[in-house]
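For reference, the structure is listed below as structure tokens.
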Amino acid sequence: MLRKASVVFEMPNLEVAGEALSRAEIDFFLEHGFVVKRGLIASDALDAALDRVWSYLLDRVPVARGSAWSLSREDRTTWLDPQWAPMPPPAKSGLYQGRQRIVYSGAAVKLHDLGDADYLLDLVPNNPDVRCVAEALLGDDLRPSQRTRGVYAVFPTTPLPTTSPPAAPPSGVSGAALGPHTDQVCQQLNACAYLDDVVPRNGGFTVYPGSHRILFQAHRTEANWSPLPTYRDAMRQVVANIEPVELVGDKGTVIFWHGRTVHSAGIHLGSDIRWAVFADFMRKGDVLTAEEHKHAGQFEWFKDAKLLRHDPAVSDDMWRGWKVGS
């Protein structure tokens, strides 16, 4: 199926001074499945965090053996077409079963093992301003945040010539690079925080507005990964009919999205690195153990969200239990 190209979207200013979320922002979230909050994280904290992330990446992510390429923060020309070493196979057991601690392949680097770093926890899920918005959406009784998913970097690459799928429109933008999906395990409310400015067509987080309502009804239960046989058809419906939006914003911008919202890394035609921290929020509840997650085939150690032991069946009221639904 030919994927629609995204359109660049900048959140309208619906804020009200002194309110974590205005009524207009809540209504926007209910309808579209996401809301964007500008300037939610202080600039000095972001700069300090990005300094540490750069140092970690340069120290820990290996370059291909025999390559003349090396990455430099100061030399922007080195950001193009990174040449990482081949990744080792993931562990088949233990704490990091199924997913590498660091993922590096092509344009993407995912520093999962930084997810429990105190400075990232303080920056995003435990940041009072971020948490205040999450509570205004989901509820006051949130589970304590133990980790983020880590830092996700998207590097610029030289586009490969292709005749399939059909050629891009005159603007040069094609939806072929998008990978629309929803996340597995338990998903209630998620957040993406930009560590640096994200300008148009530089990999900005991309969502399919309104898809949360369609995909919610394609699951057996409200939050746990529990797809019905209709799930694939629902995804096809979303991809075929909904125009995705690429979310741009200055550093400190935080995007909140409903866990059933279809999303993707954005189209990257620019020269910057897109830096983002991803976090999960859940209401308090009894969750499965790590071994039970493994037995269910849904063990993702790098995510803070866990399968609920008692997850209500899907009903016509998708906001049951949410603060915005009360």
Side-chain angles (χ1 to χ4, degrees), residues 6-50 120-142 145 148 152 187-213 242-263 266 272 274-283 318-319 321-326:
S6 58
V7 295
V8 175
F9 179 83
E10 193 163 350
M11 181 80 187
N13 186 3
L14 304 175
E15 298 183 1
V16 173
E19 296 183 5
L21 279 177
S22 68
R23 183 66 248 179
E25 288 176 305
I26 291 172
D27 290 342
F28 187 94
F29 181 84
L30 293 173
E31 180 179 356
H32 300 291
F34 72 95
V35 67
V36 182
K37 298 291 290 184
R38 302 183 187 90
L40 203 57
I41 303 176
S43 180
D44 55 349
L46 292 160
D47 293 341
L50 191 54
L120 291 182
L121 282 164
D122 292 342
L123 190 73
V124 185
N126 290 333
N127 181 314
D129 293 328
V130 174
R131 202 163 189 87
C132 193
V133 174
E135 290 174 347
L137 289 168
L138 188 53
D140 299 327
D141 196 25
L142 299 183
S145 294
T148 68
Y152 289 27
Q187 298 294 291
Q188 291 182 337
L189 178 66
N190 308 300
C192 168
Y194 288 158
L195 297 181
D196 206 349
D197 296 345
V198 178
V199 299
R201 300 310 186 201
N202 271 261
F205 188 68
T206 297
V207 298
Y208 289 69
S211 59
H212 60 308
R213 296 190 299 273
I242 297 180
E243 185 175 58
V245 295
E246 175 189 315
L247 305 177
V248 298
D250 296 339
K251 64 181 181 181
T253 294
V254 182
I255 302 153
F256 297 85
W257 79 95
H258 185 282
R260 299 302 194 205
T261 304
V262 178
H263 56 278
D272 296 332
R274 191 222 68 185
W275 298 97
V277 176
F278 287 82
D280 305 283
F281 294 98
M282 291 179 62
R283 295 189 303 274
M318 71 178 297
W319 304 109
W322 287 63
K323 190 167 185 177
V324 291
S326 58

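What you see below is based on every heavy atom in this structure, not just the backbone, and it leaves out hydrogens, waters and symmetry mates. What you see is a predicted model; the values in this text were computed from it and never measured.
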* Return the orientation label for the F34 and F28 ring planes: parallel under 30°, perpendicular over 60°, tilted otherwise. => perpendicular

* If the plane angle is over 60° it's perpendicular, under 30° parallel, otherwise tilted; pick one for W257 and F205. => tilted

* Run the side chain to side chain contact (heavy atoms under 4.5 Å, CB included) check on S211 and H258 step by step: do they pass? -> CA-CA 10 Å; S211 59; H258 185 282; over 6 Å; no

[Y] side chain reached by [X] side chain, heavy atoms, under 4.5 Å:
X    : Y    : answer
D196 : L46  : no
C192 : H263 : no
N202 : D197 : no
R260 : M318 : no
I41  : D129 : no
L30  : V324 : yes
L14  : E25  : yes

* Report the residue from L138, V130, T261 that forms a side-chain contact (heavy atoms from CB on, under 4.5 Å) with F256. => V130

Find the distance between [atom1] ([X]) and [atom2] ([Y]) and round it off to the nearest 0.5 Å.
X    : Y    : atom1 : atom2 : value
L121 : T148 : CG    : OG1   : 6.0 Å
L195 : W275 : CG    : CH2   : 8.0 Å
L247 : E10  : CG    : CD    : 10.5 Å
F278 : I255 : CZ    : CD1   : 7.5 Å

So which atom in [X] and which in [Y] form the shortest heavy-atom distance, rounded to 0.1 Å?
X    : Y    : answer
V35  : F29  : N-CD1, 3.9 Å
V248 : V198 : CB-O, 3.4 Å
H212 : E31  : CE1-O, 3.1 Å
V124 : A279 : CG1-CB, 4.0 Å
S22  : V16  : CB-CG2, 3.5 Å
P209 : P244 : CD-CA, 4.4 Å

* **Side-chain donor/acceptor of Q188 to backbone N/O of R283, under 3.5 Å** => yes

* Between R131 and P125, is there a donor-acceptor pair closer than 3.5 Å when you use the side chain of the first and the backbone of the second? -> yes

* Asked: Going through the checks in order, is the side chain to side chain contact (heavy atoms under 4.5 Å, CB included) test met by F9 and T206?
  -> CA-CA 9 Å; F9 179 83; T206 297; over 6 Å; no

* What do the steps show when you test E135 against K323 for side chain to side chain contact (heavy atoms under 4.5 Å, CB included), and what is the final call? -> CA-CA 8 Å; E135 290 174 347; K323 190 167 185 177; 5.6 Å; no

* Asked: Please walk me through it: do L40 and N127 pass side chain to side chain contact (heavy atoms under 4.5 Å, CB included)?
  -> CA-CA 9 Å; L40 203 57; N127 181 314; 6.0 Å; no

